[in-house]
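Following: one structure in structure tokens, then a few remarks.
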Amino acid sequence: MLWIAASVLLQSGVYGFVSGTLDSGDSLALSCAGFAAATVLFNAVLLVRRLRGTGRGSGAATGPGATGLLLAMNVVTAVTFLSFYASLTWVPATLATGVETAVGPAVLALLGLAGRGRRASRQGWCAAGGLVLLGIALAHRFTEGGAFGPGLVAGLGLALAAGVGAPVLALVSAELGRRGVDPVYVTAHRFHLTYLASGVLLLTVGGPSGDGTGRLPGLLFTGVLAVTLPLFWLQTGLQRTDPMVAMVLLTTLPGITYLAECAFHGSFDAVSLALICALVVVALWYVRVSAKAAPAPDAGQAPGGSAESGASSSSVASTSSPSPAPSSSPTSSETFQV
């Protein structure tokens, strides 16, 4: 549990610190550094497991017919995570995480109606609708009195795109889990397109703004703090913590991010904090409802393929905290935070 708490605190603290300070080049540099370092770290973990003989063989690692799903996960991961980090260029980190938390369950419920994933219960629909309304209220509060220009529209649109991508990641990950794909293998290979795309886009925009060479080390370090270390700590914690306890901790990310923003940049607003707290409470209710509705796992079913397995409960938080750890419970420990 301490590993998860440390991951949430570090990630929310970094988001609060960088909120309002990034431009598009900075966001891409942070993404490229963080996800490339995460890929190196988790491939090292995978290699150590294989050398020790504790990991699955290459056939078991990939599972039957998993190549297409891994490619799909790379695409959706890149779109989801890059959208989130790009949104920080135009909207506060609290608003970005809040919007993602608000739209994820509704998207998952709609996917259930389309036959993709489990259908939401009546209580699940109520919770999802409540989250959407709270997300709208939060967006209105944060944009009240400000100029509703192209930048704000772009930021909200990117946050929404990240929130839509998170449930899709959950469904793909759940399918990988059902096919018995090693979750560490998934983690080691799911970010390739993310760091490659962010690197290409970074070159396209000409690198970080201002003194790019001078700022690059700081952005690389920030990427490690915002992405790599929280991912590693989260992976470690999710393997040792009850999934429901992990969900409770992870759904607090928007609230802690807001407190971090206030600590670093001031401008505390009691109404905004109240809306964020309500968002967290309703998200936890959705987690509880989803856990009750989740079917018991089959005796022969392999444990979840990644942290997003168990899609219903995993979509309540933002993609801002990418958490690709395994879960043997029908309720996943992932809360979509990029």
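Please read all numbers here as calculations on a predicted model, not as lab measurements.
Under a hydrophobic-cluster definition in which Ile, Leu, Val, Met, Phe, Trp and Tyr are linked whenever side-chain heavy atoms come within less than 4.5 Å, directly or via other members, Leu196 and Leu70 are assigned to the same cluster. A continuous path of Ile, Leu, Val, Met, Phe, Trp and Tyr side chains, each step under 4.5 Å between heavy atoms, connects Leu111 with Tyr286, placing both in one hydrophobic cluster. Under a hydrophobic-cluster definition in which Ile, Leu, Val, Met, Phe, Trp and Tyr are linked whenever side-chain heavy atoms come within less than 4.5 Å, directly or via other members, Leu133 and Leu279 are assigned to different clusters. In the hydrophobic cluster analysis, where Ile, Leu, Val, Met, Phe, Trp and Tyr join through side-chain heavy atoms closer than 4.5 angstrom, Phe221 is grouped together with Val18. Put simply, Leu110 and Leu171 are part of two different groups of oily side chains (I, L, V, M, F, W, Y) that touch within less than 4.5 Å, one to the next.
Under a cut-off of 6.0 angstrom, the local environment of CZ in Phe268 is crowded, with over 12 non-hydrogen atoms contributed by other residues, nucleotides or ligands. Other residues, nucleotides and ligands contribute over 12 non-hydrogen atoms within 6.0 Å of the CG atom of Leu113. Other residues, nucleotides and ligands place more than 12 heavy atoms under 6.0 Å from the CZ atom of Phe142.
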Could you walk me through whether Leu160 and Val99 pass side-chain contact (heavy atoms from CB on, under 4.5 Å), step by step?
CA-CA 7 Å; Leu160 282 170; Val99 167; 3.7 Å; yes

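A donor-acceptor pair under 3.5 Å is absent between the side-chain atoms of Ser7 and the main chain of Trp3, judged by distance alone. Here the side chain of Glu261 pairs no donor or acceptor atom with the backbone of Phe17 at under 3.5 angstrom. The backbone N or O of Tyr85 lies less than 3.5 Å from a partner atom in the side chain of Ser27, making a donor-acceptor pair. In this structure, the side chain of Ser87 does not engage the main chain of Leu158 through any donor-acceptor pair within 3.5 Å. In this structure a side-chain-to-backbone donor-acceptor pair under 3.5 Å is missing from Thr80 to Thr77. Checked by atom type and distance alone, the side chain of Ser12 pairs as donor or acceptor with a backbone atom of Leu9 at under 3.5 Å. Although no hydrogens or angles enter the test, the distance criterion places no donor-acceptor pair under 3.5 Å between the side chain of His189 and the main chain of Asn43.
You'll find the ring centres of Phe35 and Phe191 inside the 6.0 Å limit.
A heavy-atom distance below 4.5 Å is found between the side chains of Phe81 and Arg190. Contact check for Phe42 versus Thr187: side-chain heavy atoms found under the 4.5 Å cut-off.
Using the six-membered ring where Trp is involved, Tyr195 and His192 have ring planes that are perpendicular, over 60° apart on the 30 and 60° scheme.
In terms of heavy atoms, Val103 sits closest to Gly163 at CG2-CA, 3.5 Å.
Looking at Tyr258 and Tyr15, their side chains never bring a donor and an acceptor atom within 3.5 Å of each other.
Within the hydrophobic cluster formed by Ile, Leu, Val, Met, Phe, Trp and Tyr side chains joined at under 4.5 Å, directly or through other members, Leu28 is accompanied by Leu201, Leu202, Val205.
Each of Val172, Leu176, Leu69 was scored for a side-chain contact (heavy atoms from CB on, under 4.5 Å) with Val186, with one residue passing: Leu176.
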